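Each remark here refers to the structure printed beneath this line.
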Amino acid sequence: PMGYYAPRPQADEDPFDSLEKVPSLSWRDQPIGTVFVCEVLEPAKKLQSRNYTTNKPDYWDDDPTQPKMAAVINVLVQQGPHSVGEKRSIWAQIPSNLFVEIREAQKTAGARLASGGILRLAFVGEVPHTNPKNNPIKQYKAKYTPKIEDDVFSDTTPQAQPARPAQPARPSASPTQ
């Protein structure tokens, strides 16, 4: 859904004037089996969710002391059925299957989401909602691969080969006296 704001922190900017509108990654009308591959642009942030209809801050049971929170990840879509090459935000409501899957992907990778890492998300199924008026609950799988820093094996630039030591000269087979 459009209308969500994700932070874009800059050291020299006013934090109250640094919100960039980044559309969220949409799974709407996507079939089971859909996969998105995304480059993480910055660490995840915990923000209050917004009501889809009113775009106002959302609360559990309309109780202002119980804000609905989400982990928000700004990404660049590398592969998927739409938005390839575009910035998107992933809103994983806390709690939700998507949130749990991303948390588990971090644990498996042994690293927190960080700039340059690759997050793969797959829509793997649906389960019925307890309230039949609501849509089924989407189920996801996630895999995270952190960026490898300073890995000489990840650099495809040809490197100068070290000089090989000169081979010792073999004595010539000359006849002796």
Side-chain angles (χ1 to χ4, degrees), residues 1-10 13 17-60 67-149 154 156:
M2 298 290 279
Y4 289 113
Y5 290 88
R8 181 182 43 117
Q10 298 288 331
E13 287 187 319
D17 190 31
S18 64
L19 297 178
E20 176 184 9
K21 196 171 188 174
V22 178
S24 62
L25 186 65
S26 175
W27 295 89
R28 186 181 195 125
D29 300 326
Q30 296 302 316
I32 292 172
T34 297
V35 174
F36 283 96
V37 177
C38 304
E39 177 185 348
V40 176
L41 298 177
E42 59 189 76
K45 306 230 181 331
K46 186 176 179 180
L47 300 174
Q48 186 171 2
S49 296
R50 302 189 76 79
N51 180 295
Y52 289 109
T53 308
T54 66
N55 200 29
K56 292 183 179 178
D58 208 0
Y59 301 92
W60 294 105
K68 286 186 182 180
M69 302 302 287
V72 182
I73 311 155
N74 283 336
V75 299
L76 179 65
V77 178
Q78 292 185 333
Q79 296 174 24
H82 62 76
S83 307
V84 174
E86 298 177 7
K87 285 175 74 173
R88 290 289 182 260
S89 58
I90 298 169
W91 287 67
Q93 184 172 303
I94 305 169
S96 71
N97 169 260
L98 182 58
F99 176 80
V100 169
E101 286 297 320
I102 294 171
R103 181 181 64 201
E104 289 303 312
Q106 279 192 153
K107 285 182 184 177
T108 300
R112 295 176 79 176
L113 297 180
S115 180
I118 301 297
L119 182 61
R120 291 169 177 80
L121 298 172
F123 172 31
V124 297
E126 295 180 333
V127 295
H129 198 285
T130 54
N131 181 344
K133 292 181 182 181
N134 292 340
N135 292 328
I137 301 167
K138 287 181 171 26
Q139 301 294 297
Y140 302 94
K141 288 289 180 193
K143 181 178 180 182
Y144 178 61
T145 306
K147 179 179 179 183
I148 299 173
E149 299 289 339
S154 68
T156 58

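Source: prediction; values computed, not measured.
- Closest approach of Ile32 to Gly125, counting heavy atoms only: CD1-CA, 3.8 Å.
- At a threshold of 4.5 Å between non-hydrogen side-chain atoms, the residues Arg50 and Pro57 count as touching.
- Interatomic distance, Thr34 OG1 to Leu121 CG, rounded to the nearest 0.5 Å: 11.5 Å.
- Proximity of Val127 to Asn97: side-chain heavy atoms (C-beta onward) are nowhere separated by under 4.5 Å.
- To the nearest 0.5 angstrom, Asn51 atom CG is 11.0 Å from Tyr59 atom OH.
- Proximity of Asn74 to Lys45: side-chain heavy atoms (C-beta onward) are nowhere separated by under 4.5 Å.
- Under a cut-off of 6.0 angstrom, the local environment of NZ in Lys147 is sparse, with at most 12 non-hydrogen atoms contributed by other residues, nucleotides or ligands.
- The nearest pair of heavy atoms linking Ala114 to Tyr144 is N-OH, 3.0 Å.
- Gln78 CD to Ile118 CD1: the interatomic distance, rounded to the nearest 0.5 Å, is 4.0 Å.
- Side-chain atoms of Glu86 and Val77, non-hydrogen and from C-beta on, never get closer than 4.5 Å to each other.
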| task | For Thr145 and Arg120, run side chain to side chain contact (heavy atoms under 4.5 Å, CB included): C-alpha distance rounded to whole Å, both residues' side-chain angles, the deciding distance at 0.1 Å, then the answer. | result | CA-CA 8 Å; Thr145 306; Arg120 291 169 177 80; 3.4 Å; yes
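- Using a distance-only test at 3.5 Å, with no hydrogens or angles considered, no donor-acceptor pair links the side chain of Ser49 to the main chain of Asp58.
- Across all non-hydrogen atoms, the minimal contact from Ala92 to Ile102 is CB-CD1, 4.3 Å.
- Leu113 is listed as a side-chain neighbour of Gln106, based on a closest heavy-atom distance under 4.5 Å.
- Considering CZ of Arg88 and NE2 of His82, their distance stands at 7.5 Å, rounded to 0.5 Å.
- Ring-plane geometry between Trp27 and Phe36 is classed as perpendicular, the angle between the planes exceeding 60 degrees on a 0 to 90 degree scale with a lower cut at 30.
- Within the 4.5 Å cutoff, side-chain heavy atoms of Gln30 are placed close to those of Pro81.
- Here the CG-NE2 distance, from Asn135 to His129, works out to 8.5 Å after rounding to the nearest 0.5 Å.
- Between the NZ atom in Lys141 and the CZ atom in Phe123 there is a gap of 13.5 Å [rounded to 0.5 Å].
- In this structure the side chain of Leu119 reaches within 4.5 angstrom of the side chain of Ile90, judged on heavy atoms.
- At a threshold of 4.5 Å between non-hydrogen side-chain atoms, the residues Tyr140 and Leu98 count as touching.
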